[in-house]
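See below for the structure under consideration.
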Amino acid sequence: MKKEEPTIYQTVLQRGYSRRTFLKMCAALAATLGLDYSQTNTVAHALETKKRIPVIWLQMQDCTGCSESFIRSSYPKTESVIFNMISLEYMELLTAAAGFQTEAAEQNVLKKYAGEYVLVVEGSVPVNPCYLTIGGRSGADLLKEAAAHAKAVLAFGTCSSWGGIAKAKPNPTGARPIAAVLKGTPIIRVPGCPPIAEVMTGVLAHIVTFGSLPETDMLGRPKAFYRHRIHDKCNRRAYFDAGLFAESFDDPNLKAGYCLYKLGCKGPTTYNACAELRWNGGISYPIQSGNPCIGCSEADFWDNGPFYTHEAKLPLTQTTINPEKWGAGITAAAAVGVGAHAGITAAVKHHQAKDQNKGDHHE
Ligand code: FSX
Ligand code: SF4
Ligand code: F3S
């Protein structure tokens with residue numbers, strides 16, 4: 001970063017915000033990062049001394065849902081994150097220019113901030129050369145070029161993390177996760193279709209605040225946001241444990257809060273922060289609204305369906321946990337829940353061990 005550039009705090013003041021507002025922003029950030037309120041000072045000190053980080057955001061094969069989710073983040077406010085903590089130097093969705101102008105803008109920022117920028121990638125990369133050509137160059141080529149001088153590479157969304165919907169059978173484009181193209185480059189995965197806005201801003205805020213990458217699990221996901229399954233924090237969990245399940249979508253018990261497991265809920269095998277942070281500024285999330293989790297942050301979630309159907313006979317994947325089977329012979333309703341839980345944990349471990357060995361996710 002050039003010496004003359006202001007710190008984040010100076011930028012905030014230059015934009016007319018008071019120190020009081022700045023401290024409020026630090027408190028909100030500390031909360032987003034999972035820090036104790038007393039650590040607000042640590043965040044404030046970091047933002048007083050650090051400069052904004054340039055971010056370059058590339059879109060590959062995607063639906064733009066990740067960008068849309070990001071620009072609607074409400075906590076901390078997007079305008080704070082985008083304009084005060086990071087400098088979003090290139091993002092197709094928000095760029096006013098088009099065609100050659102946009103391509104030139106990208107080349108300029110890649111050169112100007114070489115070695116300093118964080119690269120965010122949304123969408124999968126096709127290996128079939130008939131797809132995703134931008135300005136005469138393949139998506140894979142553009143991705144490799146942008147990653148070559150990035151300080152960090154963040155895969156925002158299930159598509160860039162795991163391949164996502166485009167990679168679902170029959171995968172006509174040959175869609176792959178970005179790790180398959182950027183072999184050997186460490187990548188932070190922030191899956192979700194799309195990811196929760198506050199999770200994306202939280203990861204960026206961590207990098208800006210601490211000058212380092214957040215701690216990740218064995219699949220490269222930030223532990224702060226992906227350490228729990230939806231099922232662990234679900235608002236319907238007490239009903240699961242009590243063996244009380246909604247039997248259909250028009251079952252009045254669904255509205256009463258009964259567990260959605262028999263309607264195909266994938267919460268027991270899905271790692272994401274929806275049940276903790278919730279969506280739209282903490283208002284709700286699919287399960288709270290009566291919709292079973294479809295596991296949108298997990299690899300191959302589209303092929304691991306069917307959605308909304310309790311299916312017990314598929315091979316052992318994230319969709320095959322069966323409370324009747326795991327709870328067989330146990331009569332007390334609560335014991336059914338506990339039995340199911342043990343089975344789910346075993347299935348999750350199996351699934352993870354498989355994933356760890358899957359070259360696709362770690363290429
Ligand atoms: Fe869409 Fe992003 Fe899903 Fe994929 O989100 S919401 S298809 S994860 O790449 O734009
Ligand atoms: Fe919640 Fe789904 Fe688990 Fe039921 S199965 S407790 S709805 S996550
Ligand atoms: Fe996706 Fe399930 Fe959350 S479907 S949005 S991971 S509740």
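In listed order, ligands and their atoms are each counted from 1. Atoms considered below: every heavy atom in the structure, side chains included; atoms not considered: hydrogens, waters and symmetry mates. All residue numbers refer to positions in the sequence shown, counting from 1.
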Between Trp57 and Phe70, how do the two ring planes meet: parallel, tilted or perpendicular, split at 30° and 60°? tilted
Mind telling me whether Phe22 and Tyr9 have parallel, tilted or perpendicular rings, with 30° and 60° as the class edges? tilted
Ligand-side contact atoms (ligand 3) for residue partner [X], heavy atom cut-off under 4.0 Å:
| X | answer |
| --- | --- |
| Thr270 | 6 (S) |
| Trp279 | 5 (S) |
| Ile294 | 4 (S) |
| Gly295 | 4 (S) |
| Cys274 | 3 (Fe), 5 (S), 6 (S), 7 (S) |

So that I know where these two stand, are Phe307 and Trp302 an aromatic pair - ring centroids less than 6.0 Å apart? yes
Any chance the rings of His231 and Phe240 have centres within less than 6.0 Å?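 So the answer is yes for these two rings.
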Kindly say whether [Y] contributes a backbone atom to a donor-acceptor pair with the side chain of [X] at under 3.5 angstrom?
| X | Y | value |
| --- | --- | --- |
| Thr49 | Ala46 | yes |
| Asp232 | Arg229 | yes |
| Ser124 | Pro177 | no |

I'd like to know if [X] pairs up with [Y] as an ion pair, taking the criterion as any Lys NZ or Arg NE/NH1/NH2 lying under 4.0 Å from an Asp or Glu carboxylate oxygen.
| X | Y | result |
| --- | --- | --- |
| Arg137 | Glu103 | no |
| Arg227 | Asp217 | no |
| Lys233 | Glu276 | no |
| Glu298 | Arg221 | yes |

At less than 2.8 Å, would any N/O/S atom of Cys234, backbone or side chain, sit next to atom 1 (Fe) of ligand 2? yes
Partner of Lys167 under side chain to side chain donor-acceptor pair (under 3.5 Å), chosen from Thr158, Asp300, Asp303: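 Output: one option passes, namely Asp300.
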Option set Arg236, Lys233, Lys262, His231, criterion heavy-atom distance to atom 8 (S) of ligand 2, minimum: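 The nearest heavy atom belongs to His231.
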I'd like the name of whichever of Ala275, Cys296, Pro286 reaches closest to atom 1 (Fe) of ligand 3 through any heavy atom.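 It is Cys296 that holds the nearest heavy atom.
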Which ligand 2 atoms does [X] reach within 4.0 Å, using its non-hydrogen atoms?
| X | value |
| --- | --- |
| Leu260 | 4 (Fe), 7 (S) |
| Gly267 | 8 (S) |
| Arg237 | 6 (S) |
| Phe240 | 6 (S) |

How about NZ on Lys50, more than 12 heavy atoms from neighbouring residues, nucleotides or ligands closer than 6.0 Å, or not? yes
Inspect the surroundings of NE2 in His149 and state if more than 12 heavy atoms from other residues, nucleotides or ligands are less than 6.0 Å away.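 No, not enclosed.
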Counting only heavy atoms and a distance below 4.0 Å, can you name the residues contacting ligand 1?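 Around ligand 1, where the cutoff is 4.0 Å for heavy atoms, the contacting residues are Asp62, Cys63, Thr64, Gly65, Cys66, Glu122, Gly123, Gly157, Thr158, Cys159, Gly192, Cys193, Pro194.
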What protein heavy atom sits nearest [atom], and how far away is it?
| atom | value |
| --- | --- |
| atom 2 (Fe) of ligand 2 | Cys265 SG, 2.4 Å |
| atom 2 (Fe) of ligand 3 | Cys293 SG, 2.4 Å |
| atom 6 (S) of ligand 3 | Asn272 ND2, 3.5 Å |

Can you tell me if an N/O/S atom from Cys259 lies under 2.8 Å from atom 4 (Fe) of ligand 2?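 Yes - counting backbone and side chain alike, Cys259 has an N, O or S atom under 2.8 Å.
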